[in-house]
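What follows is a set of notes on a single structure, which appears directly below.
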Amino acid sequence: MSGSGRGPVRLAAVTAAAGLALAGGVAFAGTAAAEEAPAHRGGAVATLGGLQTFDQAVIRDNGIAQQVPAGLFEMSVDGGGTLQTYCIDVLNPTQKDAKYQETAWSGTSLNGNRDAGKIRWILQHSYPQVNDLAALSRKAGVRSLTAQTAAAGTQVAIWRYSDGAKVDAVDPQAEKLADYLYRSARNSAEPKASLTLDPPAVSGRAGEKLGPVTVRTDAESVTVTPPADSEASGVKVVGRNGKPVKSARDGSRLYFDVPKDAPDGAAALSVQTSTTVPVGRAFASETRSQTQILAGSSESTVSATATANWAAEGALPALSAEKNCAKSGVDITATNKGDKPFTFRLMGFKHTIEAGTSQTVTIPLQEDQPYDFTINGPSGFEKRFKGVLDCRTAGDTITSKAQPASQPSPASAGGTVGGGDLAETGSSSNTPLIVGIAVAFVVVGGAAVFFLRKKDAPSETGTSAEE
């Protein structure tokens, strides 16, 4: 097993000093007007509904045993649909009604876990993907299974790989299933996202087709929604042939067609469809709520957004962000299609993206640290990124004072190591710190704010997109 324990991720003292050095020169940014980056790279967004099908398990740590509920969670998908998930972070709490987003393994605690593929194998070969419990019992050499014991045994096997946990199912038949799944698991590849747009941000000159933005999906087709003010601005979403599009498919290339006389500005397009999300997709929360992995999906709504930025002259930045758990931070990718360099300061360091080039800058963060920062550019360009870094399974050890929760609930089920309201024992607040505070770098209770500023900025028809 190769569980990845949650350990302290330290920011270098020079980083804090550099951030504090910015305080004197930071004006209050107009964050309400800043263009907020898409919260994720696309896919399903869902709300945690709680533990639905479960039995009991016992975790043993440092000679102490703790009984916890183990089984399937249920989530409600924004726009319609239902997901069933298992937990892959047993000692981390859940937050009531937490919002979750479909996420690549690289942005979760599965990053660097060489057994992540075995977890997917377990999901594919056990309940609820195998809902013939008699057949599953025969394969596992078990006398009989109920939905509850099948879910518990599956969760226990997953925890042994996701957390490296010493955990056993309380029910003997569930424990036999867990042993069978754990011994039999083989590595399986990470599933592709249900829907993404690549890249999520583009730039160029007015009068040009900005892009392409490529659709990646496992669905047959997606609906394309143009910018909200497209009629007034004249900005259209077109295919390679320049014709407006209202639908697209996997591999389709979309472009922003910006009128030549359009003033400097920005726009966004979105795509949406209904599909079953692939088993094994990870779901991470923007609060400190235990990471989940998909075990089953109904037809569910998935979506993705891409943005475009244009100006008559100067730098033309296109910015996107993605969590990078391998480097314990967030990658900011900046592409400059302009005729002048794009320069900004990041945590006290100046970064220059030369004309016609692209660069990725990693922002180091502490584990469980909320972030909320804005990058400013020419012609009023602003891009805001926010979220929380959750890359490791919890390293909290069970103590003799820990008490089991009396009843599993959306606030406490599936990973509690003590009684009480886990909305209190987890993150103290779901509200991110606001950019624009006079102090540019604040570390209080594991939260931080970064100010990223541009330095010395220079002055339809129903056609389907072509691949």
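Sequential numbering from 1 along the given sequence is applied to the chain's residues.
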Subject >> Sidechain-backbone polar pair: Ser298 side chain, Thr82 backbone, donor-acceptor under 3.5 Å >> reply: yes

Subject >> 4.5 Å side-chain heavy-atom contact, Val271 and Thr225 >> reply: no

**OP:** Specify the closest pair of heavy atoms between Ala150 and Leu177, including all atoms of both residues, with the distance to one decimal.
**Re:** O-CD2, 3.5 Å

**OP:** Compare all side-chain heavy atoms of Thr393 with those of Thr291 and state whether any distance is below 4.5 angstrom.
**Re:** no

Subject >> Contact check, side chains of Asp179 and Tyr182, non-hydrogen atoms, under 4.5 Å >> reply: no

Original post:
Given side chains that start at C-beta, do those of Thr94 and Phe73 come closer than 4.5 Å, heavy atoms only?
Top reply: yes

Subject >> Derivation and outcome, side-chain hydrogen bond (donor to acceptor under 3.5 Å, both in side chains), residues Lys323 and Thr108 >> reply: CA-CA 8 Å; Lys323 293 177 186 177; Thr108 73; over 6 Å; no

Subject >> Residues which pass side-chain hydrogen bond (donor to acceptor under 3.5 Å, both in side chains) with Asp168, listed by chain and number, not counting sequence neighbours >> reply: Arg60, Arg160

**OP:** List for me each residue that meets side-chain hydrogen bond (donor to acceptor under 3.5 Å, both in side chains) alongside Gln52, sequence neighbours excluded, and say none if there are none.
**Re:** none

**OP:** Examine distances only and state if a side-chain atom of Tyr100 and a backbone atom of Val45 form a donor-acceptor pair shorter than 3.5 Å.
**Re:** no

Subject >> Test side chain to side chain contact (heavy atoms under 4.5 Å, CB included) applied to Pro128 - qualifying residues, sequence neighbours left out >> reply: Leu72, Gln84, Tyr86, Ala295

Original post:
After noting the C-alpha distance and the side-chain angles of Lys166 and Asp61, does the key distance pass the salt bridge (charged side-chain N to carboxylate O under 4.0 Å, His left out) rule?
Top reply: CA-CA 7 Å; Lys166 296 179 180 178; Asp61 185 48; over 6 Å; no

**OP:** Would you check, one step at a time, whether the test side chain to side chain contact (heavy atoms under 4.5 Å, CB included) holds for Leu365 with Val330?
**Re:** CA-CA 8 Å; Leu365 298 171; Val330 174; 3.6 Å; yes

With a 3.5 Å cut-off and sequence neighbours excluded, list the donor-acceptor pairs that the side chains of residues 191-198 form with protein atoms.
unit_1, atom_1, unit_2, atom_2, d
Ser194, OG, Glu102, OE1, 2.7
Ser194, OG, Glu102, OE2, 3.3

**OP:** Report yes or no: does Asp97 contribute a side-chain atom to a donor-acceptor pair with the main-chain N or O of Gly49 at less than 3.5 Å?
**Re:** no

Original post:
Is a donor on one side and an acceptor on the other found under 3.5 Å between the side chain of Ser230 and the backbone of Ala228?
Top reply: no

Original post:
If you look only at pairs with a residue in residues 74-88, which of them pass as a salt bridge (charged side-chain N to carboxylate O under 4.0 Å, His left out), with sequence neighbours excluded?
Top reply: Asp78-Lys99

Subject >> Stepwise side chain to side chain contact (heavy atoms under 4.5 Å, CB included) check, Leu389 with Asp368 >> reply: CA-CA 5 Å; Leu389 190 73; Asp368 295 327; over 6 Å; no

Subject >> Test log, rule side chain to side chain contact (heavy atoms under 4.5 Å, CB included), inputs Leu294 and Phe283 >> reply: CA-CA 7 Å; Leu294 188 69; Phe283 278 78; 4.2 Å; yes

Subject >> Check: Arg249 main-chain N/O paired with Ser252 side-chain donor or acceptor under 3.5 Å >> reply: yes

Original post:
side chain to side chain contact (heavy atoms under 4.5 Å, CB included) with Thr223: which residues, sequence neighbours excluded?
Top reply: none

**OP:** Would you please test Thr275 and Thr273 for side-chain hydrogen bond (donor to acceptor under 3.5 Å, both in side chains) and show each step?
**Re:** CA-CA 7 Å; Thr275 187; Thr273 191; over 6 Å; no

Original post:
Given side chains that start at C-beta, do those of Asp250 and Val215 come closer than 4.5 Å, heavy atoms only?
Top reply: no

Original post:
Given side chains that start at C-beta, do those of Asn92 and Arg288 come closer than 4.5 Å, heavy atoms only?
Top reply: yes

Original post:
Does any N or O in the side chain of Glu286 come within less than 3.5 Å of the main-chain N or O of Val388, such that one atom is a donor and the other an acceptor?
Top reply: yes

**OP:** Could you tell me if the ring centre of Phe385 sits under 6.0 Å from that of Tyr371?
**Re:** no

Subject >> Whether Gln292 side chain and Ile88 backbone form a donor-acceptor pair below 3.5 Å >> reply: no

**OP:** Output yes when a side-chain donor or acceptor of Asn324 lies under 3.5 Å from a complementary backbone atom of Gly329, and no otherwise.
**Re:** no

Subject >> Under 3.5 Å side-chain donor-acceptor pair for Ser106 and Asn111 >> reply: no

**OP:** Report the residues that fulfil side chain to side chain contact (heavy atoms under 4.5 Å, CB included) with Ser221, sequence neighbours left out, ordered by chain and then residue number.
**Re:** none

Original post:
If only atom types and distance count, is the side chain of Thr146 paired as donor or acceptor with the main-chain N or O of Thr149 below 3.5 Å?
Top reply: yes

**OP:** Return the set of residues passing ring-ring contact (aromatic ring centres under 6.0 Å, His included) with Trp105 (not counting sequence neighbours), or none when no residue passes.
**Re:** none

Subject >> Sequence-distant partners of Ala334, side chain to side chain contact (heavy atoms under 4.5 Å, CB included), two or more places apart >> reply: Leu319, Phe344, Ile353

**OP:** Report the C-alpha separation of Ser274 and Glu299 in whole Å, then their side-chain angles, then the decisive distance to 0.1 Å, and conclude whether the side-chain hydrogen bond (donor to acceptor under 3.5 Å, both in side chains) test is met.
**Re:** CA-CA 6 Å; Ser274 181; Glu299 282 284 321; 3.2 Å; yes

Original post:
Are any side-chain N or O atoms of Ser184 and backbone N or O atoms of Leu181, one a donor and one an acceptor, separated by less than 3.5 Å?
Top reply: no

Subject >> Residue pair Ser289 / Gln95, side-chain donor-acceptor N/O under 3.5 Å >> reply: no

Original post:
Rounded to the nearest 0.5 Å, what separation is found between the NZ atom of Lys176 and the CG atom of Asp171?
Top reply: 10.0 Å

**OP:** Answer yes or no: is there a side-chain heavy-atom contact under 4.5 Å between Ser328 and Arg392?
**Re:** yes

Subject >> Which residues share a side-chain hydrogen bond (donor to acceptor under 3.5 Å, both in side chains) with Glu322, sequence neighbours left out >> reply: Arg41

Original post:
Between Ser188 and Gln124, does a side chain to side chain contact (heavy atoms under 4.5 Å, CB included) hold up when you go through it step by step?
Top reply: CA-CA 9 Å; Ser188 184; Gln124 292 171 316; 3.4 Å; yes

Original post:
Restricting to pairs with a member in residues 118-136, which pass salt bridge (charged side-chain N to carboxylate O under 4.0 Å, His left out), not counting sequence neighbours?
Top reply: Asp115-Lys118

Original post:
Looking at residues at least two apart in the chain, or sitting in another chain, which of them share a side-chain hydrogen bond (donor to acceptor under 3.5 Å, both in side chains) with Thr360?
Top reply: Thr333

**OP:** Give the minimum heavy-atom separation between Gly153 and Ala178, together with the two atoms involved.
**Re:** O-CB, 3.3 Å

Subject >> CD on Glu190 to CD1 on Ile119, rounded to 0.5 Å >> reply: 11.5 Å

Original post:
Quick one: does Trp159's side chain get under 4.5 Å of Cys87's, heavy atoms only?
Top reply: yes

